[in-house]
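Accompanying notes for the structure given below.
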Amino acid sequence: MVKNHNLAKSISDASWYELTRQLEYKSKWNGRNYIKIDRFYASSQLCFSCGYKNTNVKDLKVRDWICPFCNTKHDRDINAAKNILAEGLRKVV
Ligand SMILES: [Zn+2]
């Protein structure tokens with residue numbers, strides 16, 4: 001199935017849909033807020049410290065980067081997680 005690119009994409013899309021559906025359902029069940037952010041939000045490209053957008057780190061192979069503006073060193077995933085949290089909190093207020 002994975003060799004068929006279109007089918008593999010459909011499977012991964014369905015899994016993502018199911019994950020978000022479950023998160024929304026469980027959040028509601030437990031009295032929590034479920035906030036979606038824009039799927040095109042550049043969470044891994046934005047420096048969490050200063051907000052600089054570094055388009056040179058679009059490639060998923062880039063796992064760590066240093067902000068050319070403020071020299072903060074970022075782990076790609078941790079930086080993205082911080083940006084996603086901040087964006088979600090911004091939408092709540
Ligand atoms: Zn920065």
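Ligands are counted one by one from 1 in listed order, and the atoms in each one are counted from 1 as well. Positions are given from 1, in the same order as the sequence printed here.
Ring geometry for Trp65 versus His74: interplanar angle of 30 to 60°, hence tilted.
The set of protein atoms (N, O or S) found at less than 2.8 Å from the Zn ion (ligand 1) reads Cys47 SG, Cys50 SG, Cys67 SG, Cys70 SG, by chain and number.
Counting heavy atoms from C-beta on, the side chains of Ile84 and Ile37 come closer than 4.5 Å.
Closest approach of Ser43 and Asn83 over heavy atoms only: O-ND2, 2.8 Å. A pairwise comparison of heavy atoms in Asp75 and Asp64 identifies CA-OD1, 3.6 Å as the closest pair.
A salt bridge does not link Glu24 to Arg21: none of the charged nitrogens lies less than 4.0 Å from a carboxylate oxygen.
Side chain of Asp38 to main chain of Phe40: a donor-acceptor pair is present (N/O by atom type, distance under 3.5 Å, no hydrogens or angles).
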